[in-house]
Amino acid sequence: MKAFGAILDDMRAHAKAEDRALNDDIDRAIAFMVQKSGNELLIKTSESLLNRAKFVRIGEPEFVFWDVEQALDGFRAAAKGRDGEAGGALVRGLGRAMAEHLATARAAAA
């Protein structure tokens with residue numbers, strides 16, 4: 001829990017400062033969770049997916065989503081309680097919020 005907690009602390013600090021290092025923190029959090037899953041297929045698949053995600057976001061600073069701070073407490077609680085369902089629900093919620101954010105940013109740019 002300490003290692004994941006440190007990642008969450010970095011995420012909170014970078015989100016609050018609107019520092020793009022948040023992207024790297026998210027990669028670290030995903031890689032950490034995937035590694036802990038023990039699922040070899042997921043581990044292998046995530047290697048290429050994480051690298052593709054890094055490439056996609058290189059030139060899109062307006063698409064950075066900063067509003068993650070409140071979700072971090074939920075991730076910490078889910079990790080501490082080893083509650084994968086709660087963690088999954090948080091990921092799905094953030095995914096929906098990110099999709100809305102992207103739609104808004106794209107509409108403003110159109």
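Everything quoted here is computed from the prediction, not taken from an experiment. Residue numbers run from 1 in the order of the sequence given.
- In plain terms, the two heavy atoms of Glu85 and Arg92 that are nearest each other are O-NH2, 4.2 Å.
- Classification of Asp25 and Arg12 as a salt-bridged pair fails, no side-chain N sitting under 4.0 Å from a carboxylate O.
- A pairwise comparison of heavy atoms in Ser37 and Leu42 identifies OG-CD2, 3.7 Å as the closest pair.
- Residues Gly87 and Phe75 approach most closely at O-CE2, 3.9 Å, considering heavy atoms.
- Contact check for Met33 versus Phe4: side-chain heavy atoms found under the 4.5 Å cut-off.
- Contact of the Ile7 side chain with the Asp10 side chain is not registered, since no non-hydrogen atoms from C-beta on lie closer than 4.5 Å.
- In this structure, Arg28 CZ and Met11 CE are separated by 9.5 Å, a value rounded to the nearest 0.5 Å.
- Distance alone, capped at 3.5 Å, places no donor-acceptor pair between the Asp83 side chain and the Ala79 backbone.
- Between the Ser46 side chain and the Ile43 main chain, a donor and an acceptor come within less than 3.5 Å of each other.
- Note: Thr45 OG1 to Leu49 CG = 6.5 Å, rounded to the nearest 0.5 Å.
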